[in-house]
Amino acid sequence: MMPQSVLLATLAAIVLTLIAHVIARLLAKKISGLPMVITAMVLVILFLFLLRWNYKDYYQVAKPVFDHLLGYVTVLLAIPLAAMNFKGLPLKRLSIIVALASVIGALLPMSLAYLFALSHETVLAFATRSVTTPIGLSVAAIINAPLAMANLIIIVSGLLGAALARFLFRRVNDDRAKGLTLGLAAHAFGTVEAWQISPTAGRYAAFGLAVNGLITAIWVPLFIATFSLS
């Protein structure tokens with residue numbers, strides 16, 4: 001495509017995605033339990049179908065923009081994290097929970113992939129399951145896991161976590177627990193869903209996502225390197 005055509009297609013992809021997001025947000029406010037991220041994805045697919053816009057063409061122009069924005073959004077999660085009130089918070093217990101979640105979130109899917117006799121590269125890709133995309137892809141590059149597979153695993157796990165959250169939280173009344181769980185289990189998708197629950201849930205989700213990502217980025221490459229050398 002010509003540079004001007006690429007620019008117009010990119011702008012169209014951004015506008016289409018933003019419209020889907022706004023509509024999904026409005027629907028989530030009116031319909032309790034409706035996962036905003038899933039709704040937005042369905043709307044994007046519907047718009048592409050109505051406009052007869054090939055998904056590959058949309059993805060080609062949208063991906064570079066949203067890949068960059070995703071990295072910035074991850075950094076901006078420091079803002080709600082800084083706004084958290086840590087007074088009276090059991091930081092030691094919370095740190096243990098996040099550390100255990102980091103280890104289990106990586107080793108459990110890796111173990112299941114190994115038991116199902118999946119390839120070595122696929123087993124490594126599952127090590128990134130519980131962290132957000134920018135961190136997960138960086139870890140995948142360090143441990144020589146296939147980036148496309150790691151990206152798919154991260155996205156699918158995040159979508160499933162965000163979609164099932166409201167159903168699983170029916171008897172949970174503590175927004176801090178909801179938020180932390182979403183941040184740990186469904187990373188960026190879960191954090192978006194947590195903000196729909198309440199600002200408290202959103203801040204705790206950001207905390208879980210950020211700290212879990214930091215811990216995972218440190219221990220997973222060391223763990224893989226140690227066992228690769230042994």
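Values below: all heavy atoms of this structure, side chains included; hydrogens, waters and symmetry mates excluded.
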Worksheet item: After noting the C-alpha distance and the side-chain angles of L184 and S130, does the key distance pass the side chain to side chain contact (heavy atoms under 4.5 Å, CB included) rule?
Response: CA-CA 7 Å; L184 292 174; S130 65; over 6 Å; no

Item to complete: Begin from the C-alpha positions of I154 and R129 and carry the test side chain to side chain contact (heavy atoms under 4.5 Å, CB included) through to its verdict.
Response: CA-CA 5 Å; I154 293 169; R129 190 220 64 81; over 6 Å; no

Worksheet item: Is there a side chain to side chain contact (heavy atoms under 4.5 Å, CB included) between M149 and L124 once you walk through the steps?
Response: CA-CA 10 Å; M149 178 64 72; L124 291 179; over 6 Å; no

Worksheet entry | Verdict with reasoning, F189 to L182, per side chain to side chain contact (heavy atoms under 4.5 Å, CB included) | CA-CA 8 Å; F189 290 107; L182 281 167; over 6 Å; no

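With rounding to the nearest 0.5 Å, the separation of CG in N54 from CD in Q60 is 10.0 Å.
Under the side-chain contact (heavy atoms from CB on, under 4.5 Å) rule, N212 has a single partner from L180, T132, V98, which is V98.
What you find for V103 and W219 is that their closest heavy atoms are CA-CZ2, 3.5 Å. Contact record, I143 with A127: CD1-CB, 4.2 Å, taken as the closest heavy-atom pair. Of all non-hydrogen atoms in V61 and A13, the two that sit nearest each other are CG2-CB, 3.9 Å. The shortest heavy-atom contact between S102 and I215 is OG-CG2, 3.7 Å. Across all non-hydrogen atoms, the minimal contact from A150 to T128 is CB-OG1, 3.6 Å. Taking each heavy atom of V172 and A177 in turn, the nearest pair found is CG1-CB, 4.4 Å.
Residues H187 and S157 bring a donor and an acceptor atom of their side chains to less than 3.5 Å of each other. For Y204 and T181, the side-chain atoms include no donor-acceptor pair closer than 3.5 Å.
Following chains of ILVMFWY side-chain contacts shorter than 4.5 Å, one cannot reach L137 starting from V220, and the two form parts of different hydrophobic clusters.
In this structure, N173 places its CG atom where only 12 or fewer heavy-atom neighbours from other residues, nucleotides or ligands lie under 6.0 Å away.
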